[in-house]
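A short worksheet on the structure shown next.
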Amino acid sequence: MAISYHLIFHFFLPFLLCTSQLATACSIDPTDGFVELPFNTSFYHIQKPFDLPVDQRYSFVDGVHKLWVYSTDNPLSRNSPTMPRTEIMINGYNYSSGVWQFEGYGFVPNGTSGVCIMQVFGASPPHASTLMLRVYNGSLTYYRANVLVPNVYDRWFRVNVIHDVAASKLKVYIDGVSTFEAAGRGGNSHHFKCGVYSQIGDSYYMESRWKGIKVLKQM
């Protein structure tokens, strides 16, 4: 029996349209309803090993922030008990109330592992941070418990993190898709950070790159 490709096309067309519409619906703009705030070098500074100049662990070329650190590096200050890091600390927008959002495009090269690449700093003791996005063997994780994206190596991906302080809730969007929600951890002051901050099980060399960094607030 001859097959009518015309009939097959019209049979599957509604299914294809539905699938396409669902995919579009899943991807949204998390910044809707938020106001972008000014962002330049006066709103952040670079945390890096205390005994090294900034340009040995950080560069900014053609709009791309490149941050790297070694597991053998010193911490950010001589007496700090923390692990090595090179991070963009957005301390010009410390907040204790309201609904705030971080947006940026991240890139993690193959081999970087055991590292925090973005965090919402500030929490009630014994915690220091309210949220950490880490990379372990190519997977983007919430701290070390939840895998958010199984493979982020060697590609740019959009990161949006929304922190509703009063509701004590955080939402994570990756490439415009709602990926994870978490409860807050208290604290009286918060700010955003991104870069590389080594954790237990870190690789010898760690690097992340960031572009299009924005800080937004719901007005």
Side-chain angles (χ1 to χ4, degrees), residues 27 29-31 36-49 52-76 82-93 101-121 129 131-144 147-162 172-177 179-180 191-199 201-216:
S27 181
D29 185 357
T31 65
E36 180 182 348
L37 304 175
F39 185 74
N40 53 51
T41 54
S42 65
F43 291 95
Y44 69 88
H45 78 271
I46 308 301
Q47 292 184 323
K48 44 76 180 178
L52 296 174
V54 170
D55 63 5
Q56 289 193 23
R57 293 293 181 269
Y58 167 82
S59 68
F60 183 62
V61 179
D62 296 331
V64 176
H65 304 266
K66 178 181 175 181
L67 307 99
W68 65 97
V69 74
Y70 292 87
S71 60
T72 53
D73 281 342
N74 282 310
L76 76 167
T82 61
M83 303 279 275
R85 76 180 79 198
T86 307
E87 290 184 296
I88 298 172
M89 177 183 179
I90 306 176
N91 60 334
Y93 287 116
Q101 181 171 178
F102 168 92
E103 177 179 270
Y105 290 81
F107 182 99
V108 181
N110 197 325
T112 290
S113 186
V115 64
C116 170
I117 62 167
M118 187 272 164
Q119 62 174 307
V120 178
F121 188 79
S129 63
L131 175 139
M132 274 193 176
L133 298 181
R134 300 182 185 178
V135 172
Y136 290 98
N137 300 315
S139 293
L140 184 70
T141 67
Y142 167 75
Y143 290 93
R144 198 163 189 170
V147 174
L148 309 188
V149 181
N151 188 5
V152 295
Y153 278 156
D154 296 332
R155 68 178 181 90
W156 288 101
F157 53 96
R158 182 185 179 190
V159 178
N160 293 80
V161 175
I162 298 174
V172 178
Y173 295 80
I174 303 298
D175 292 326
V177 176
T179 306
F180 188 72
H191 57 264
F192 300 122
K193 304 175 78 173
C194 62
V196 279
Y197 177 25
S198 58
Q199 305 295 309
D202 52 351
S203 53
Y204 175 64
Y205 176 78
M206 292 153 278
E207 176 191 322
S208 76
R209 304 168 203 169
W210 291 88
K211 64 181 181 180
I213 296 173
K214 296 178 183 178
V215 176
L216 308 100

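Quick note: numbers below take in every heavy atom, side chains included, and nothing from hydrogens, waters or symmetry partners.
Summarising the geometry, atom CG belonging to Asn91 is positioned 11.5 Å from atom CZ belonging to Phe121; distances are rounded to the nearest 0.5 Å. The line from CZ of Arg85 to CD of Gln47 is 5.0 Å long, rounded to the nearest 0.5 Å.
Between the side chain of Asp73 and the backbone N or O of Pro75, no donor-acceptor pair lies under 3.5 Å.
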Original post:
After noting the C-alpha distance and the side-chain angles of Leu133 and Leu148, does the key distance pass the side chain to side chain contact (heavy atoms under 4.5 Å, CB included) rule?
Top reply: CA-CA 9 Å; Leu133 298 181; Leu148 309 188; 3.7 Å; yes

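Between Pro84 and Ser198, the closest side-chain pair of non-hydrogen atoms falls below 4.5 Å. At least one side-chain heavy atom of Val64 sits less than 4.5 Å from a side-chain heavy atom of Trp156. For the pair Met89 and His191, the minimum side-chain heavy-atom distance is below 4.5 Å.
Ion pairing between Asp202 and Arg134 fails under the 4.0 Å rule for side-chain N and carboxylate O.
Considering all non-hydrogen atoms of both residues, Cys194 and Leu67 come closest at O-CD2, 4.2 Å. In terms of heavy atoms, Ile162 sits closest to Pro30 at CD1-O, 3.9 Å.
A side-chain donor from one of Ser129 and Tyr143 sits under 3.5 Å from a side-chain acceptor of the other.
Listed by chain and number, the residues in a ring pair (Phe, Tyr, Trp, His ring centres under 6.0 Å) with Phe39 are Tyr44 (sequence neighbours excluded).
The aromatic rings of Phe102 and Trp210 sit perpendicular, their planes meeting at an angle over 60°, well past the 30° parallel limit.
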Acceptor/donor pairs from residues 104-118 side chains to any protein atom, 3.5 angstrom cut, sequence neighbours excluded:
unit_1 : atom_1 : unit_2 : atom_2 : d
Thr112 : OG1    : Glu207 : N      : 3.1
Ser113 : OG     : Asn137 : N      : 2.8
Ser113 : OG     : Asn137 : OD1    : 3.4

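Among the candidates Gln119, Arg57, Lys48, the single residue satisfying the side chain to side chain donor-acceptor pair (under 3.5 Å) test with Glu87 is Gln119.
Between Phe43 and Tyr93, the distance from one ring center to the other falls under 6.0 angstrom.
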